[in-house]
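For reference, the structure discussed in these notes is given below.
Note on naming: letters A, B, ... go to the chains in the order of the sequence lines (proteins, then strands), and numbering restarts at 1 for each one. FYI, side chains are in, hydrogens and waters are out, and symmetry mates aren't considered; it's all heavy atoms of this structure.
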Amino acid sequence: MVERVQAVRGMNDILPEAVPWWQMVEATAREVLELYGYREIRTPLVEKLELFARSIGESTDIVEKEMYAFADRKGQWLALRPEATASVVRAFIEHNLQADPLARKFYTIGPMFRHERPQKGRYRQFHQIDAEVFGIDDPLLDAELMVMLCDFLERIGLADVALHINSLGCPACRPSFREDLKRFLHHRAPSLCPDCDRRRHVNPLRVFDCKVDRCREALTGAPQLLDHLCEDCARHFEKVQSYLGGLGVPFMVDPRMVRGLDYYMRTTFEVITDRLGAQNAVGGGGRYDGLMRDLGGPDLPGIGFAIGMERLILLLQQGRSLQGPAPEVFMAVLGEKAVSEAFRTAQALRRSGLGVEMAYGGGSLKSQMRRADKLAAAYVVILGEEELQRGVAVVRNMKEKSQKEVPLSGLVEFFSRRDGSSGGAPDRAQEPV
RNA sequence: GUGGGUGUAGCUCAAUAGGUUAGAGCACUGGGUUGUGGCCCCAGAGGCUGUCGGUUCGAGUCCGAUCACUCACCCCA
């Protein structure tokens with residue numbers, strides 16, 4: 001037997017059955033984000049490796065061991081994007097978009113790549129909905145961004161998720177806190193897990209979200225980031241909270257939430273679920289005011305988030321199904337002579353805007369009816385030689401189980417008259433059978 | 001990268017302590033009066049038991065390797 005080529009590990013096919021979910025999520029994302037003034041931008045999947053090393057951080061796991069990096073035919077180091085922010089910032093700088101007063105809020109939807117061991121909710125090619133805003137440091141925007149995220153999640157029908165927020169401080173206050181924390185961790189070093197013992201040198205803040213009990217205990221009495229915020233950061237964070245509170249958006253301050261990309265500062269946030277096993281973050285983001293400058297652009301503040309579409313859809317699918325498009329009309333044909341006329345009729349109906357499926361290869365009327373039923377067609381148009389001679393067709397309403405004869409020349413009109421209510425793809429989530 | 005679990009029909013699963021021709025449900029195809037769907041009944045098709053090697057008279061079953069899937073660590077969306 002011939003050996004079969006399989007898909008690359010961790011990279012999934014999205015089959016027609018699942019596509020309605022993806023389309024629903026994407027359409028809702030576009031609708032909601034544009035309501036808040038975001039405009040779509042599309043950047044390449046491949047960038048120079050350097051872009052990610054400089055933005056995400058050389059010592060982060062993503063850059064150190066998870067990137068799909070390769071040299072092209074001319075020896076230039078490239079990488080498949082592991083996230084979207086760096087690319088959007090790059091594009092903003094490259095096209096000098098700060099000159100365009102309309103270009104401040106962006107979104108992009110597409111695949112990202114990280115070479116991790118796949119597991120539930122974590123794949124090597126995965127998809128994100130990503131939003132970024134440049135040039136606004138008003139805490140009102142931080143709040144609006146989170147409100148928008150919650151608004152979106154609510155509209156697609158995701159209820160039981162929690163918004164966690166934190167502030168990571170800024171270059172004015174974080175370094176001194178970092179030193180305090182380092183000193184503290186130095187004393188507790190013997191009781192830390194090996195990972196954290198390493199982390200306390202490289203990225204001490206990350207010790208906070210270690211899940212090992214030992215480490216959690218060792219951290220009691222540790223200096224708190226939120227107590228060390230400078231005046232500006234403290235005021236900023238306070239305003240964010242008060243704006244959120246003002247709209248009645250439930251949130252939780254989580255001082256342990258530290259994010260894994262180096263560029264984050266001040267406001268960070270995550271949307272958490274307890275229904276996805278280990279991968280509990282459905283979406284997350286934060287402020288990155290120094291990033292654009294570090295990438296050689298103007299010194300503009302930035303903030304953004306990313307939503308993991310696979311995780312989102314896993315949650316939405318739990319116990320529910322979403323129906324795909326069904327044809328309005330199924331053309332059933334009897335006898336060779338009727339085929340051409342049926343084909344012509346189907347084409348005329350399609351041009352009038354109806355979805356039409358045909359009985360290819362003929363078969364008994366019974367089998368054709370069965371197929372129409374499986375496809376969930378609203379109507380079956382039956383054309384046999386007998387009807388053909390009289391210039392009519394039988395139109396059967398599958399739901400009503402009623403049928404009548406309609407002149408072939410009047411078919412398009414017949415369907416256009418009852419258009420509006422019956423037409424269109426059913427797009428509603430349904431309970432399982 | 002590290003550990004655990006699982007690979008039998010398109011899907012979900014069976015197959016007594018190794019023992020003849022590997023079964024069932026769903027799905028699929030055809031039929032149950034001539035040209036009418038869902039329910040029901042009948043029939044049919046569909047598998048080198050992930051792959052390679054080993055033990056044995058004999059392997060779906062035991063052993064090893066490999067690949068894949070899966071869960072967890074790690075990391076993150």
I want to confirm an ordering. Mapping A:I62 and A:P118 to their closest nucleotides on RNA chain B, which one lands closer to the 5' end?
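First, find each residue's nearest nucleotide; the 5'-ward one identifies A:P118.
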Exercise. Assign each of A:H115 and A:V258 to its nearest nucleotide of RNA chain B by heavy atoms, then name whichever residue's nucleotide is nearer the 5' end.
Key: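 Residue closer to the 5' terminus by nearest nucleotide: A:H115.
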In this structure, how many angstroms lie between the [atom2] atom of [N] and the [atom1] atom of [X], rounded?
| X | N | atom1 | atom2 | answer |
| --- | --- | --- | --- | --- |
| A:M11 | B:rC69 | CE | C1' | 16 Å |
| A:E116 | B:rG3 | CD | C1' | 17 Å |
| A:Q119 | B:rA68 | CD | P | 17 Å |
| A:R117 | B:rG3 | CZ | P | 9 Å |
| A:D13 | B:rA68 | CG | P | 15 Å |
| A:H164 | B:rA77 | NE2 | C1' | 16 Å |
| A:N280 | B:rA72 | CG | C1' | 14 Å |
| A:Q6 | B:rU51 | CD | C1' | 10 Å |

_How long is the straight-line distance from CG of A:L153 back to CG of A:L158, given to the nearest 0.5 Å?_
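Going from CG on A:L158 over to CG on A:L153, the span is 5.5 Å.
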Nearest-0.5 Å distance that lies between atom CG in A:L334 and atom CG in A:L365:
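Here the rounded value is 5.0 Å.
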Can you identify which nucleotide, out of B:rC71, B:rC74, B:rA68, has its nearest atom closest to the A:K120 side chain?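 The listed nucleotide nearest to A:K120's side chain is B:rC71.
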Looking at side-chain heavy atoms only, is the closest gap between A:F177 and A:L229 below 4.5 Å?
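The answer is no, as the side chains (C-beta and beyond) never meet within the 4.5 Å cut-off.
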Whole-Å [atom1] distance, [N] and [M]:
| N | M | atom1 | answer |
| --- | --- | --- | --- |
| B:rG37 | B:rG32 | P | 11 Å |
| B:rU20 | B:rC57 | C1' | 14 Å |
| B:rU49 | B:rU21 | C1' | 15 Å |
| B:rA24 | B:rC71 | P | 32 Å |
| B:rG25 | B:rG7 | P | 22 Å |
| B:rG19 | B:rU66 | P | 28 Å |
| B:rA14 | B:rC74 | P | 33 Å |
| B:rG4 | B:rG60 | C1' | 23 Å |

Defining pairs by Watson-Crick or G-U wobble geometry with both distances under 3.5 Å, how would you list the stems of RNA chain B with at least three pairs each?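 RNA chain B stems, ordered by first number: B:1-7 with B:67-73, B:10-13 with B:23-26, B:28-32 with B:40-44, B:50-54 with B:62-66.
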Any side-chain donor paired with an acceptor under 3.5 Å for [X] and [Y]?
| X | Y | value |
| --- | --- | --- |
| A:E40 | A:T108 | no |
| A:H236 | A:D142 | yes |
| A:E132 | A:Y288 | yes |
| A:Y243 | A:E144 | no |

### Query
Hey, is A:R256 close enough to A:D254 for a salt bridge, meaning N to O under 4.0 Å?
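So A:R256 does not pair with A:D254 through a salt bridge.
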Would A:E341 and A:R344 pass as an ion pair if we require N to O under 4.0 Å?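 Yes, A:E341 and A:R344 are salt-bridged.
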Any donor-acceptor N/O pair, A:N280 side chain to A:I272 backbone, under 3.5 Å:
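Absent.
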- Query: Under 4.0 Å: is that the gap between some side-chain N or O of A:R9 and OP1 or OP2 of B:rC69?
  - Reply: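 Yes.
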When the ring planes of A:F92 and A:F106 are compared, do they come out parallel, tilted or perpendicular, using 30° and 60° as the limits?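 Perpendicular.
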At 4.0 Å (heavy atoms only), tell me whether [X] reaches a base, stays on the sugar-phosphate, or touches nothing.
| X | answer |
| --- | --- |
| A:Q279 | base |
| A:A372 | nothing |
| A:G285 | nothing |

Heavy-atom contacts, protein to nucleotides 28-40 of chain B, under 4.0 Å, summarised as B (base), S (sugar-phosphate only) or - (none) per nt, yield S-SSB--BBBB--
